[in-house]
Amino acid sequence: MDTNQLEQNFDAKLARNESIEPKDWMPDNYRKHLIRQISQHAHSEIVGMLPEGNWITRAPSLRRKMVLLAKVQDEGGHGLYLYSAAETLNISREELIDQLLTGKAKYSSIFNYPSLTWADIGAIGWLVDGAAIMNQVMLQRTSYGPYARAMVRICKEESFHQRQGYEIMTVLAKGTAEQKAMAQDALNRWWWPSLMMFGPPDEKSPNTANAIKWKIKRETNDELRQKFVNQTFPQADIIGLKLPDPDLKWNESKGGFDFGTPNWEEFYNIIAGNGPCNKARISARTKAHNEGAWVREAANAYAEKKKAVLA
Ligand code: 3HC
């Protein structure tokens, strides 16, 4: 088949909502787009373990510590499914990790903020995992099969993460005046960065048009951001916390909230590597990668030996 026919077959498969599988022909730009997005997603899961890992030894009770440990481990697992999905697109794990550690690949802006108090762990679960799941539900139907299948389990776990964060916030908001103030302070600091997680406004998003055309994303950055605000307002209200946005108000005609504009200058500064924690995050990942070299060597030696025995 010539390239035209291959392209027609590819487009027809997308039109029938059939998934594209690793051995199927695909346009090179589709492959590159997926490697970029899936690897950014995988890196976000792994780097996202750091701000929460920071609180494991300081969790206020054994129960809280066990739940947080399990959550952070889940994120590690998500990273591994996603790296495996990216590898099916003909790129090695070494190359993907190298892109993260040398700053060529991005990871979510949100993980460049510090987690200052225990309430931040509640706010991260509620808002950050809440925003992640708002974005990721549609990815269960993304057009690339291995990515879509990885997302099914990830979404189940992210929805549990969102609930554990909201439960922490609920307990703090109904606690002492100091606890409630700590919860409100965490909400104030994490709200705007959570809205930025969805990416720049649609008219400034260079990748959205192709992502929608190829059915990689099923909804745009602004559509998802709007849904997130609509969903989160009543959750804050019911526990007596206030979203830190003076422009927030119900708009009857659109059936959703109007809300203020995130600080996009701060966003672009962070994704350029200049946020409060960018350097600390990459240096922690580099240290972990270097210290894990012996594990990779041992696993490779075992695999080689097994191959030799079976040959
Ligand atoms: N953080 C860092 N970079 C971001 C970003 C963010 N929040 N939002 C957008 N960008 C980058 C894009 O990667 C792109 O840069 P690039 O072209 O160099 O890669 C540029 O900003 C322009 O953005 P676009 O809107 O054009 O890019 P996309 O169409 O890819 O949309 C996205 C951005 C919504 C993040 C999309 O990539 C996506 O849906 N990714 C999959 C989900 C994901 O990565 N989630 C990470 C969230 S954290 C997480 O899941 C961990 C959990 O445990 C909480």
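As the structure lists them, so they are numbered: ligands from 1, and atoms in each ligand from 1.
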Look at atom 6 (C) of ligand 1 and say which protein heavy atom is nearest, naming residue and atom and giving the distance to 0.1 Å.
-> Ser109 OG, 3.5 Å
Has Gly48 got any heavy atom lying under 4.0 angstrom from an atom of ligand 1?
-> no
Subset of ligand 1 atoms that lie under 4.0 Å from at least one heavy atom of Ala132 = 50 (O), 54 (C)
Asn207 side chain near Arg36 side chain, heavy-atom distance below 4.5 Å = yes
Classify the contact between Ile110 and ligand 1 as side chain, backbone, both or neither, using a heavy-atom distance cut-off of under 4.0 Å.
-> neither
Counting only heavy atoms on the protein side, is anything nearer than 4.0 Å to atom 43 (C) of ligand 1?
-> yes
To atom 19 (O) of ligand 1, the nearest of Arg36, His33, His41 on a heavy-atom basis is Arg36
Flag Pro206 as yes when one of its N or O atoms lies below 3.5 Å from any N or O atom of ligand 1, and as no otherwise.
-> yes
What's the shortest distance from atom 29 (O) of ligand 1 to any protein heavy atom, and which residue and atom give it?
-> Lys217 NZ, 2.7 Å
Between the side chain of Ser205 and the main-chain N/O of Pro201, is any donor-acceptor distance below 3.5 Å?
-> no
Identify the protein heavy atom lying closest to atom 16 (P) of ligand 1, giving its residue, its atom name and the separation to 0.1 Å.
-> Lys106 NZ, 3.5 Å
Given Arg149 and Glu21, is the salt bridge (Lys or Arg N to Asp or Glu O under 4.0 Å) satisfied, shown in steps?
-> CA-CA 11 Å; Arg149 290 189 286 276; Glu21 295 298 334; 2.8 Å; yes
Ligand-side contact atoms (ligand 1) for residue partner Tyr147, heavy atom cut-off under 4.0 Å | 41 (C)
What residue and atom, counting heavy atoms only, is the protein's closest point to atom 50 (O) of ligand 1, and at what distance?
-> Gln136 NE2, 2.8 Å
Which atoms of ligand 1 have any heavy atom of Met196 under 4.0 Å away?
-> 7 (N)
Please identify which atoms of ligand 1 are closer than 4.0 Å to at least one heavy atom of Glu75.
-> 52 (C), 53 (O)
Residue part near ligand 1, for Phe198, under 4.0 Å between non-hydrogen atoms | backbone
Nearest heavy atom to atom 51 (C) of ligand 1, choosing from Gln40, Glu45, Met49, belongs to Glu45
Atom 8 (N) of ligand 1 sits nearest the protein heavy atom Gly199 CA, 3.2 Å
Against heavy atoms of Ile271, which atoms of ligand 1 measure under 4.0 Å?
-> 1 (N), 2 (C), 3 (N), 21 (O)
Considering only heavy atoms from C-beta outward, does the side chain of Asp258 approach that of Trp250 to under 4.5 Å?
-> no
Among Leu187, Ile121, Ile168, which one satisfies side chain to side chain contact (heavy atoms under 4.5 Å, CB included) with Trp126?
-> Leu187
State the CE-CD1 distance between Met196 and Ile270, to the nearest 0.5 angstrom.
-> 7.0 Å
How close do Asn221 and Phe198 get, heavy atom to heavy atom, and via which atoms?
-> CG-O, 2.9 Å
With heavy atoms under 4.0 Å as the rule, classify the contact between Asn135 and ligand 1 as side chain, backbone, both or neither.
-> side chain
Kindly assign one of parallel, tilted or perpendicular to the pair Tyr83 and His43, based on the angle between their ring planes and the thresholds 30° and 60°.
-> tilted
Considering only non-hydrogen protein atoms, determine which one is nearest to atom 24 (P) of ligand 1 and report residue, atom name and distance to 0.1 Å.
-> Ser205 OG, 3.3 Å
May I ask you to check whether Tyr30 and Phe10 place their ring centres under 6.0 Å from each other?
-> yes
Atom 20 (C) of ligand 1: nearest protein contact (heavy atom, Å) = Asn207 ND2, 4.4 Å
Mind checking whether Ala211 has a heavy atom under 4.0 Å from ligand 1?
-> no
Those residues that, when tested against Gln5, pass side chain to side chain contact (heavy atoms under 4.5 Å, CB included) (two or more places apart) | Met1, Asp2
Considering the options Tyr113, Phe228, Phe259, which one meets the ring pair (Phe, Tyr, Trp, His ring centres under 6.0 Å) requirement together with Trp191?
-> Phe228
Is the His78 ring parallel, tilted or perpendicular to the Tyr81 ring (thresholds 30°, 60°)?
-> tilted
Starting from atom 52 (C) of ligand 1, which protein heavy atom do you reach first, and at what distance in Å?
-> Glu158 OE2, 3.3 Å
Would you mind running through ligand 1 and noting each atom that sits below 4.0 Å from a heavy atom of Ser44?
-> 46 (C), 48 (S)
Which atoms from ligand 1 have a heavy atom of Tyr107 less than 4.0 Å away?
-> 1 (N), 2 (C)
Sorted by chain and residue number, the side chain to side chain contact (heavy atoms under 4.5 Å, CB included) partners of Thr88 (sequence neighbours excluded) come out as Pro22, Tyr144, Pro146
side-chain hydrogen bond (donor to acceptor under 3.5 Å, both in side chains) partner of Lys71, the single match among His161, Glu157, Glu52 = Glu52
One finds that the ligand 1 atoms under 4.0 Å from a non-hydrogen atom of Met197 are 7 (N), 47 (C), 48 (S)
Start with the C-alpha distance between Arg163 and Asp129, add both sets of side-chain angles, then the distance that settles salt bridge (Lys or Arg N to Asp or Glu O under 4.0 Å), and finish with yes or no.
-> CA-CA 9 Å; Arg163 277 154 206 233; Asp129 291 83; over 6 Å; no
